[in-house]
Amino acid sequence: EDQVTQSPEALRLQEGESSSLNCSYTVSGLRGLFWYRQDPGKGPEFLFTLYSAGEEKEKERLKATLTKKESFLHITAPKPEDSATYLCAVQAVGSSYKLIFGSGTRLLVRP
Amino acid sequence: EAGVTQSPTHLIKTRGQQATLRCSPISGHTSVYWYQQALGLGLQFLLWYDEGEERNRGNFPPRFSGRQFPNYSSELNVNALELEDSALYLCASSLAGYEQYFGPGTRLTVT
């Protein structure tokens with residue numbers, strides 16, 4: 001069964017303190033791995049798509065990487081406005097394009 | 001460019017009633033996906049519509065149904081509402097197979 005596990009569940013950082021979020025996945029065949037940011041009571045905001053092991057993508061203070069078993073979302077020198085829940089999702093080959101989501105990592109960045 | 005829109009923002013219904021939720025995709029997108037995000041649970045795939053046809057559904061009972069109109073907008077209907085149907089219902093749109101962009105969601109409360 002296709003599955004996504006994110007860790008940690010919650011992370012508290014001081015402003016400027018860099019860290020990484022983990023997303024491990026088990027899928028029959030990976031079509032794509034997606035990262036989203038979700039603020040409370042709002043819809044997820046698309047951040048990145050990664051398709052193959054070794055791929056990396058960056059956006060401002062965020063960098064996403066992908067291996068054959070997991071993905072990392074690195075946050076460099078975070079700011080309070082980076083506080084949100086970060087969701088990882090996978091799309092399996094032949095899955096009709098549905099996304100299978102992890103439970104997310106709640107990030108709090110303190111000033 | 002306008003994003004995905006959903007209506008209503010909030011919906012309060014009584015157990016046993018029916019609820020109708022609406023979604024307008026990003027212009028040019030032909031696929032619409034519906035997800036349920038219940039409190040404390042991750043996003044769960046509900047339904048996928050593409051080119052007016054239902055292409056796939058998740059592990060939800062038949063009282064969850066919907067349709068896609070010729071202009072690619074979509075409607076989700078939930079019949080015989082139960083208390084556990086209370087959740088944030090998210091609609092996403094995409095060109096089939098590509099990144100899914102989410103709307104702000106409809107918060108359904110069943111009392």
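Order of the sequence lines fixes the chain letters, A, B, ..., with proteins taken first and strands second; residue numbering starts at 1 for each chain.
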Hey, quick one: are Trp35(A) and Phe72(A) part of the same hydrophobic cluster, counting side-chain heavy atoms closer than 4.5 Å, chains of contacts allowed?
-> no
Give, as side chain, backbone, both or neither, the part of Glu45(A) having an atom under 4.5 angstrom from any heavy atom of chain B.
-> neither
Shortest non-hydrogen contact from Tyr36(A) toward Gln100(B) | OH-O, 2.6 Å
Is chain B contacted by the side chain of Ile100(A), its backbone, both, or neither, given a heavy-atom distance below 4.5 Å?
-> neither
Check whether Gln6(B) gets within reach of chain A through its side chain, its backbone, both or neither, counting any heavy atom under 4.5 Å.
-> neither
Transitively linked via ILVMFWY side-chain contacts under 4.5 Å: Leu21(A) with Leu13(A)?
-> yes
What do you reckon, is CZ of Arg63(B) surrounded by more than 12 foreign heavy atoms closer than 6.0 Å?
-> yes
Arg61(A) CZ: over 12 foreign heavy atoms closer than 6.0 Å | yes
Minimum heavy-atom distance Leu88(B)-Gln38(A), with the two atoms named = CD2-NE2, 4.2 Å
Take atom CD in Glu81(A); do more than 12 heavy atoms of anything else shown fall under 6.0 Å from it?
-> yes
Please look at Phe48(A) and chain B and tell me whether the side chain, the backbone, both or neither of the residue comes under 4.5 angstrom of a heavy atom of that chain.
-> neither
Could you tell me the separation between the NZ atom of Lys98(A) and the CD atom of Gln44(B), rounded to the nearest 0.5 Å?
-> 9.5 Å
Take atom CG in Leu39(B); do more than 12 heavy atoms of anything else shown fall under 6.0 Å from it?
-> no
What do you reckon, are the aromatic ring centroids of Phe46(A) and Phe102(B) less than 6.0 Å apart?
-> no
Check whether Leu43(B) gets within reach of chain A through its side chain, its backbone, both or neither, counting any heavy atom under 4.5 Å.
-> both
Pairwise side-chain contact, Tyr98(B) with Tyr97(A), heavy-atom cut-off 4.5 Å (strictly under) = no
Most contact-rich option vs chain A, by heavy-atom pairs under 4.5 angstrom, among Arg55(B), Gln37(B), Glu99(B), Arg107(B), is Glu99(B)
Please say whether more than 12 non-hydrogen atoms of neighbouring residues, nucleotides or ligands are located less than 6.0 Å from NZ in Lys13(B).
-> yes
Between Tyr35(B) and Phe101(A), is the ring centre distance below 6.0 Å?
-> yes
Hphob cluster co-occupancy, Leu21(B) + Val4(B), side-chain heavy atoms under 4.5 angstrom = no
Pairs of heavy atoms under 4.5 Å with chain B: top-ranked of Ala89(A), Ser103(A), Gly104(A), Pro44(A) = Pro44(A)
Cluster check Tyr25(A), Phe34(A): I/L/V/M/F/W/Y, side chain < 4.5 angstrom = no
